S.K.: 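Sharing a structure, written as structure tokens. Questions coming.
Just follow the structure's listing: the first ligand is 1, and inside any ligand the first atom is 1. Predicted model only: the values in this text are computed from it and were never measured. Each residue takes its place number in the sequence, starting with 1.
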Amino acid sequence: MLKLIPSPGPLRGVLSVPGDKSVSHRAVMLGSLADGDTVISGFLESADCLSTIGCFRSLGTEISTSGAGYLTVHGQGLRGLKPEADPAILYTGNSGTTTRIMAGILSAQSFGSVLTGDRSVNSRPMKRIIDPLTRMGASVTSIDDNNCAPLMIHGAQLHGITYRSPVASAQVKSCILLAGLYADSPVTVIEPVLSRDHTERMLRAFGADITTVRMDDGYHITVNPCSRLSPVPVAVPGDISSAAYFIAAALMVPDSDIVLKNVGINPTRDAFIRALRLMGADIELLPEGPEKAPSAGEDPDFLSSSAGEPSADLRIRYSHLTGAEIGGGLIPAMIDELPVLAVAASAAEGKTVIRDAAELRVKESDRISAVTEGLSAMGADIEATDDGFVINGKGGRSSLRGASIRCRSDHRIAMSFAVASLAAEGETVLDDETCVRISYPDFFRDLESLIPGNP
Ligand code: S3P
């Protein structure tokens, strides 16, 4: 349990948010499958990413840590994974990303595997990966016959497919693309809207033959079978999904002015910035070096990048926010930020509608329900819809009041309501804040560092 009080004054300071969770997972995965050593800096040492490390260690990969986000992954090659037992029993904790992407890799191995996670992971939908992997020739079954993990996987020689994904999900896309490295012919995934493309960028950096082509019916991502991946150093940028909490907090607490260093601004991830700008937010991408930073939404190849990932410093100043309609193509590029966007919208003036976000119902918790319950308790005018929210913001910080919040063991719910508490009147109580360890173990320390009166 954690008691939180409103911020006594404006948020000020400069902060480096921890490494991107999606990029950290993928760096360990591709590093394990590469021929040679991959040096990773800025790795996110959170529970989810440690689950991925644990799985690969169980498959024989040596991973050495030298502290402060530095890792060396001693790759075993695409066909070099060596399980401790057959089947390999792999525990993925709370990480849906580990579970779904690993399933693609394991489908092509010469040994069997069982993938299982915690209660939340084992209740999340897996049919979305079972179907395409089965079509590729793998045997993937839900042990409890409910289309959820635990999954039993028997690897096989995989075949190329063209797969039109019913959901814009980077986990599904990445699962199929990594399985495709081992197939006997090319694999194409067609997405209606491009979901986060870290896997494609990193595969390209590791030498795989992968293309993305925009066509009338969506994005066609094609990977060719591959015999080896060549390691490159990976400097993981700061996680925009973690930065989002401080961005929202600075926009909501009067007179705030903060800088967030080295935040990943991949255009498939930056819609939180784009949506907030539509709502009137003052978020500036600061120039790095002699060249000017691009605006959000552009592909700024000239910015410092690694494994194809662009990043920038952000300056955020308190702003008068107004309501907006947020949906369609913006949603996949800000799916994890929608809970905290709803919090910001509750302090904006006017109506905000968030739609096309039914995926929120099958995240670590049902986030539509969790956000609606919490913000209603804080006095916001919010209504849940099947695929989002309708929020009638009253404007100003005093529109929210402190309340008891059920975090549902969901890190993003806990952090979103910590932000809400700063701009509310009275005390807010989080029932269990420890879940922030999933993506941001030092979240409360970093938040405190921006609050006046703290070091
Ligand atoms: C992730 C993709 C997203 C996101 C998750 C991380 C990834 O999930 O919500 O936190 O690293 O690929 P979906 O691909 O299921 O939308």
S.K.: Only heavy atoms count here, so choose which of Ser24, Ser165, Ser169, Ser22 is nearest to atom 13 (P) of ligand 1.
M.R.: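 Closest candidate by heavy-atom distance is Ser169.
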S.K.: Taking distance alone, with N or O pairs closer than 3.5 Å, would you say Arg128 contacts ligand 1?
M.R.: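 So ligand 1 has no N or O lying under 3.5 Å from an N or O of Arg128.
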S.K.: Taking CG in Asp386 as the centre, count heavy atoms belonging to other residues, nucleotides or ligands within less than 6.0 Å. Is the count above 12?
M.R.: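 No, not enclosed.
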S.K.: Between Asn262 and Val17, is a side chain to side chain contact (heavy atoms under 4.5 Å, CB included) present by the stated rule, with each step listed?
M.R.: CA-CA 8 Å; Asn262 184 36; Val17 295; over 6 Å; no
S.K.: Do the side chains of Arg408 and Glu364 get close enough for a salt bridge, i.e. N-O under 4.0 angstrom?
M.R.: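 Salt bridge flag = no for Glu364 with Arg408.
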S.K.: Counting both backbone and side chain atoms, is some N or O of Ala170 under 3.5 Å from an N or O of ligand 1?
M.R.: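 In this structure, Ala170 places an N or O atom under 3.5 Å from an N or O of ligand 1.
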S.K.: Looking only at protein heavy atoms, identify the closest one to atom 4 (C) of ligand 1 and say how far it is in Å.
M.R.: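 Result for atom 4 (C) of ligand 1: Asp336 OD2, 3.3 Å.
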S.K.: Measuring from atom CD of Glu45 to atom OH of Tyr70, what distance do you get when rounded to the nearest 0.5 angstrom?
M.R.: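 Going from CD on Glu45 over to OH on Tyr70, the span is 12.0 Å.
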S.K.: One residue to check: Arg26. Relative to ligand 1, which of side chain, backbone, both or neither has a non-hydrogen atom less than 4.0 Å away?
M.R.: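 Side chain only.
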S.K.: Thr199 and side chain to side chain contact (heavy atoms under 4.5 Å, CB included): which partner among Arg26, Arg204, His25?
M.R.: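 Result for side chain to side chain contact (heavy atoms under 4.5 Å, CB included) with Thr199: Arg26.
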S.K.: So, regarding Gln171 and ligand 1 (criterion: nitrogen or oxygen to nitrogen or oxygen, under 3.5 Å), is there a contact or not?
M.R.: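 N/O-N/O distance below 3.5 Å exists for this pair.
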S.K.: Salt-bridge test for Asp239 and Arg269: reply yes if a basic N is under 4.0 Å from a carboxylate O, no otherwise.
M.R.: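 Judged by the 4.0 Å cut-off on N to carboxylate O distance, Asp239 and Arg269 do form a salt bridge.
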S.K.: In ligand 1, which numbered atoms sit nearer than 4.0 Å to a non-hydrogen atom of Ile335?
M.R.: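 This gives 9 (O) as the contact atoms.
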S.K.: For ligand 1, find out whether one of its N or O atoms is nearer than 3.5 Å to an N or O atom of Arg196.
M.R.: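 No, since none of the N or O atoms of Arg196 sits under 3.5 Å from an N or O of ligand 1.
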S.K.: Please report the closest heavy-atom contact between Leu360 and Phe389, naming both atoms and the distance.
M.R.: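 So the minimum-distance heavy-atom pair works out to CD1-CE1, 4.0 Å.
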S.K.: Considering non-hydrogen atoms of the protein only, which is the closest contact for atom 6 (C) of ligand 1, and what is the distance?
M.R.: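 The closest one turns out to be Thr97 OG1, 3.4 Å.
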S.K.: What protein heavy atom lies closest to atom 8 (O) of ligand 1? Include the residue and the distance to one decimal.
M.R.: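 Heavy-atom neighbour on the protein nearest atom 8 (O) of ligand 1: Lys363 NZ, 3.1 Å.
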